[in-house]
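Below: the structure, in structure tokens.
Along the sequence shown, the residues carry numbers beginning at 1. Computed from heavy atoms alone, side chains included, the values below leave out hydrogens, waters and symmetry copies.
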Amino acid sequence: MSLHQLKSLSRDHLADFLADNLAHLNEDEALAVLENPHITPKVCQAIAQNQRLAAFYSVRVKLVAHRQTPQAHAIKLVHYLYWP
């Protein structure tokens, strides 16, 4: 699936896609999912709990800045950002 398609999936299709592909997402795909306007806190939480995806600095920044990321996960991730 292209990055543009990931950014425009509906809420239901996004949840289905993530359930099937979370273990295989790469950094760009995770960022595209996080740019989807239909993202839910559950999707942000699933990405934040995936150690491989959360290891990418760009994904951590996007999760911390995203308003749908549960606060507990954002607080844990902000500790690892290189912000003054």
Side-chain angles (χ1 to χ4, degrees):
M1 183 171 291
S2 75
L3 297 179
H4 178 70
Q5 289 174 320
L6 286 175
K7 292 178 185 180
S8 62
L9 287 175
S10 69
R11 180 170 288 163
D12 294 332
H13 287 107
L14 183 61
D16 291 341
F17 173 81
L18 204 62
D20 295 339
N21 298 296
L22 182 63
H24 308 291
L25 286 182
N26 64 35
E27 180 181 9
D28 292 334
E29 291 168 334
L31 292 172
V33 167
L34 291 169
E35 290 177 13
N36 186 304
H38 305 292
I39 196 168
T40 63
K42 187 175 180 179
V43 171
C44 290
Q45 180 178 354
I47 292 173
Q49 289 178 333
N50 184 296
Q51 290 182 347
R52 187 178 53 78
L53 293 176
F56 292 111
Y57 187 81
S58 59
V59 173
R60 283 182 280 176
V61 168
K62 189 69 99 172
L63 282 167
V64 168
H66 205 289
R67 65 186 313 189
Q68 291 292 340
T69 302
Q71 187 177 19
H73 290 290
I75 290 171
K76 287 179 186 176
L77 293 171
V78 77
H79 176 72
Y80 297 104
L81 299 180
Y82 306 118
W83 291 352

Is there a donor-acceptor pair closer than 3.5 Å between any side-chain N or O of T69 and the backbone N or O of L63?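 It does hold such a pair.
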
Return yes if some donor-acceptor pair links the side-chain N/O of H66 with the main-chain N/O of L34 below 3.5 Å, else return no.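 A pair under 3.5 Å: yes.
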
So, for [X] and [Y], which heavy atoms are closest and what is the spacing to 0.1 Å?
X: A55; Y: R60; result: O-NH2, 3.2 Å
X: R11; Y: T40; result: NE-CG2, 3.4 Å
X: L22; Y: I47; result: CD1-CG1, 4.4 Å
X: C44; Y: P70; result: CB-CD, 4.2 Å
X: K7; Y: P37; result: O-CD, 3.3 Å
X: V64; Y: A74; result: CG2-O, 3.7 Å

For the CD1 atom of I39 and the CG atom of L9, what is their distance to the nearest 0.5 Å?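 Reported value, rounded in 0.5 Å steps: 11.0 Å.
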
Nearest-0.5 Å distance that lies between atom CG in L77 and atom NZ in K62: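 So the gap between those two atoms works out to 14.5 Å.
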
Which pairs with one or both residues in residues 19-28 pass side chain to side chain donor-acceptor pair (under 3.5 Å), sequence neighbours excluded?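 Output for this query lists E27-S58.
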
Evaluate F17 against V43 for side chain to side chain contact (heavy atoms under 4.5 Å, CB included), listing each step before the verdict. CA-CA 10 Å; F17 173 81; V43 171; over 6 Å; no

Any chain of hydrophobic side-chain contacts (each under 4.5 Å) joining I75 to V61?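 Not linked; separate clusters.
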
Any side-chain heavy atom of V33 sitting closer than 4.5 Å to one from L14?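 In contact.
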
